[in-house]
> 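My questions will all concern the structure given below.
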Amino acid sequence: MISGHLPALQVVLPLMAAPLCLLLRHSTATWGLALATTWGSLAIAITLLLQVLSTGPVSYEMGGWAAPWGIEYRVDMVGAFVLVIVAALGSLVMPFARLSVAREVAADRVYLFYTMYLLCLTGLLGMAITGDVFNLFVFLEISSLSSYVLIGFGGDRRALTAAFRYLVMGTIGATFYIIGVGMMYMMTGTLNMADLATLLPAVAGTRTIQAALAFLTVGLSLKLALFPLHLWLPNAYTHAPSAVTAFLAGTATKVAVYALIRIYFTIFGGVDVFETFFIREVLMGLALVAMFAASAVAVFQTNIKRMLAYSSIAQIGYMVLGIGFATVTGLTGGIVHLFNHALMKGVLFMAMGCVFWKLGSVHIRDLAGLGRRMPVTMAAFLVGGLSLIGVPLTVGFISKWMLIQAALEKGWWPIAVLVLISSLLAVIYIWRVVEVAYFRPVAAEPGAESASKIAEAPLSMLLPMWVLAGACLYFGIDATRTLEVAAAAAMLLGTTP
Amino acid sequence: MEFPGLFNYWIAVVLMMTGFYIVIAQGNLIKKVVGLNIFQVSVFVFYISMSKIKGGTAPILDEGIEIYTNPLPHVLILTAIVVGVATTALALALVVRIRDAYGTIEEDEIGKLEQEEET
Amino acid sequence: MSLEATILLALAVPLAGAVLILLVGRHPNLREAVTLATAGTLFLLVASLVPAVMAGGRPAAALGEMLPGLGIAFVVEPLGMMFAAVASFLWIVTSIYSIGYMRGHGERNQTRFYAFFAIALASVMGVAFAGNMLTLFIFYEVLTISTFPLVTHAGSEEAKRAGRVYLGILLGTSIGLQLFAIIWTWTITGTLDFTDGGILEGKATGAVTGVLLALYIFGIGKAALMPFHRWLPAAMVAPTPVSALLHAVAVVKAGVFTVLKVTIYIFGVDNLAELGSSEWLRYMAAATIIIASLVAMTKDNLKARLAYSTISQLSYIVLGAMLVNAWGIIGGGMHIAMHAFGKITLFFCAGAILVASHKTEVSQMRGLGRTMPVTMAAFLIGSLSIIGLPPFGGLWGKWFLALGALEADKLVMVAVLMVSSLLNVAYLLPIPFRGFFGDPPANPGDDHGAGIKEAPWPCLVAITVTSLGCLVLFFYPDPVYDLLKQIVTPPR
């Protein structure tokens, strides 16, 4: 009985828990509730994935209204995979968040923080599960609005301006998206994704649909921070509380990438958008520029969170590149990189959260000698960093392998070369941090006698970080499972093999 | 293409560009929010007008009513308006907090203050 | 114990050793005992595989799949067997040497040093036993990263800079070129298993093969083929045992070993000989041999001189591989073993001189033979072996390489080998000669000369063992030769 309603529960559970948090008000109690909710969501997401793996896509009609009139929730392989990514990040950040948030957010606002956190999770899960383009907009706005608030929780006043800027850009992006939806509705009279897919090919040649596609692409590119629409991201990630950055970096942009994949391969599945509308040239060009420009900027950052934020923009380039190939291998690479990048950025931002918890700063000069003082944290950072570079036995290697293979299969070897060169840029910016942390002695200050002593972050922060770091290694050594799911997802999206 | 037949779209486009321009060009944060609102409203107009059918009435099941306007876009826009209101409220709340923190809501001055903080 | 278990143990034992070393790090004696025990166990494990491989067996083991259809697999074939045996034997010797050196020199962070040393050895075993190119590549990269802390051991500004060059060149070439070549191979052939006769035969056109070969050869930065050789002299800031084992044996030999593996099992010797894709790479190797030797002559710092000598000698092996005939391959393989013993002796001596007399420059070493006779005698033996004079092992490598060059009808290459031998004489022999026959510096203000004794005894033991090794290998090269003969049939 319950299992039939799992798709609804996936969204309803955190949605109901959010106002409860508001009523509870007590910091620890709300944290406990949020923790239970996120782990419940993860359980549901995993159950759904297993269900999809064994019996194929699950469809759920909201309120019993049949699609295409009612809102349909549809979980297929891609959606289930993204659900698991989002829920897993959401639940792993929770234990980390308790102390981190207590340090960075005023005590009388902590309950609001968890309320917003759950709402954000609701929105992201909803985007991944819904089969209705307008419903996707609603969830997009739920997640965006709550993430503006979450970023505004940052201790620095620059967090406020960052949140405001993100709000302006995000709203423009969402509005663009809704214009695109309106145009598609004008031409087809439906909002259901599956229905759209069958009706669109007949009208695909019209100017209206072309304009719709352009609006949808630009709108979502704003949300996923595709170069050059990424300007909101660095400040937002830098000044948000550490737990928020770790959560958003692993999920928010990923879900937007997922939405883009949905548009191109499900809704426009019957139309070859890549050949007819020049989307490929634009997407791949921008992705390549992102990979180089953002990495190059990252090299010169002194604030490590900002450096990682720029690196995120570059990594999004890889995912979009994978989409741009529009082959099974390419898309598999893109989708698997969604997962892999969520893992590694989660680790890296959590490590920075630990550092901030201990030092109150993530400036590169304050990291001197940290390899000795916080060995566990910095070891995790190293694992995440090596993943980012794409060293074998880490997840980054798998993504890179698939993307290069996709490029070579198509015979586009210059792209393969560019992917490799850009990954070498990651060596530079990661190694800068490693050198400072491991080789530069701690500056002599008052109280320097304790400088070489081990002073680690608490276990509740280290543990989730190392779970992610372990996953970085595990899925780097045995990637058959993740690649299987990603390849099945790519296959399902009906790309030409 | 006769001009009056599509004038609703023209209005939507003009509103949209006006709003967009204000968001980009104005340095005052409140004015930016206003621009954002105009930008969103243009989409509301676009949606509502596209479902209007000449001579159609409200979709009420009654005798004598044969042509009626599609209600779905209107309902969608109700949702979008709610979202817009929430966005505006949040934006205004942020502006209040920004004024508390910086003592100004002019973008250039905030930028200058931030620059000082960085160095 | 099954052979499969032995292979996996050979990988696990050094890793377990590294963990143990970290655990007992507070007790130096126990820590060094663990290192020695680990090294000894590893050598026994490797040695226990030799009879099976000699008999023509190919023990294999697998560690599950990494990408669909592409797993981490190990197959012990003769070339890898020889490499693993040499590396694991010399690890024991180096461990003994390290104890004397590290204590005598009062180095810091010794626990970290021994632990990463063990990890590096584990990855060398992985490289040696790799059953496909992916596995080899993975351990190749692990080797790079695990030796980084060893290179930058001193933690000084200079060490940091050297570390950057080291990592930059090795990661740059391996990710930028080698990985590209590997994935390309994978898309062309659908397999990366090392197969007799090569997997690319008949699958790729001459042009593609040529490009791929260049990508592989230059992508294997550890082989130090010019222009990607800069990391090796840079890495000489490392403590001497590191330079000795890793940069005369394990790391650089992992590079040339990979070159041989790729030539034999990815491209196929016959395939390459037919396509002629390796022609111009021979000249690259020859140029490296000569240029590096010339540069070595200009270096006054002893370790820098040895580093350039290593670069030159490595290209012998690359040249052997690029001759693409049986003698060339055998010569290259032989040279891996012979050069390892010779060069490690030289590095040991350099370290011993540093510990005992704090001298690093060649010009300061006049008359040192009187106070350090054992060290200088060993240096002489190592030099003669590198030059290729009987009765030392180095002769065999050059002998077969020359045969290979003749076989390929390349008299130019024979000439290159001869000229390079002469250059070896010019830059190596003056050191022991000045040591024995030169007068100690008669500078009255310099009282260093008086206080110099021989190096600590563990160092001397190690030096003696490796120089005896050079001698033994001259008289009994048969095991190495027999192993290599299995891969390619020499014309008779």
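The analysis underlying the following values was restricted to heavy atoms, covering all of them including side chains, and did not include hydrogens, waters or symmetry mates. Protein chains get the first letters and strands the later ones, always in sequence-line order, with residue 1 at the start of each.
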> Could you check which of B:Asp100, B:Ile98, B:Ile110 has the highest count of heavy-atom pairs closer than 4.5 Å to chain A?
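The option with the most such pairs is B:Ile98.
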
> Measure B:Thr79 against the heavy atoms of chain A and call it side chain, backbone, both or neither at under 4.5 Å.
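The answer is the side chain of B:Thr79.
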
> By a 4.5 Å heavy-atom criterion (distance strictly below it), what part of A:Asp156 contacts chain B: side chain, backbone, both, or neither?
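Looking at A:Asp156, just its side chain touches chain B.
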
> Which bit of B:Phe20 is near chain A, if near means a heavy-atom gap under 4.5 Å: side chain, backbone, both or neither?
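It is the side chain, since no backbone atom gets that close.
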
> Among B:Val33, B:Val23, B:Leu29, B:Val95, who wins on heavy-atom pairs under 4.5 Å with chain A?
B:Leu29

> With a 4.5 Å heavy-atom cut-off (strictly below), which parts of residues 161-200 of chain A touch chain B? List them by number.
A:Thr161, A:Ala163, A:Phe164, A:Arg165, A:Leu167, A:Val168, A:Thr171, A:Ile172, A:Thr175, A:Phe176, A:Ile178, A:Ile179, A:Val181, A:Gly182, A:Met183, A:Tyr185, A:Met186, A:Leu191

> Counting heavy-atom pairs closer than 4.5 Å to chain A, which one of B:Leu113, B:Val82, B:Leu76 comes out on top?
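Among the listed options, the one with the most contacts to chain A is B:Leu76.
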
> I'd like to know whether CZ of B:Arg99 has more than 12 heavy-atom contacts from other residues, nucleotides or ligands below 6.0 angstrom.
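Counting other residues, nucleotides and ligands, CZ of B:Arg99 stays at 12 neighbours or fewer.
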
> Sort out for me which of B:Glu107, B:Lys32, B:Met50 touches chain A most, counting heavy-atom pairs under 4.5 Å.
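Most heavy-atom pairs under 4.5 Å with chain A: B:Met50.
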
> So which atom in B:Met16 and which in A:Phe215 form the shortest heavy-atom distance, rounded to 0.1 Å?
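Shortest heavy-atom contact: CE-CE2, 4.0 Å.
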
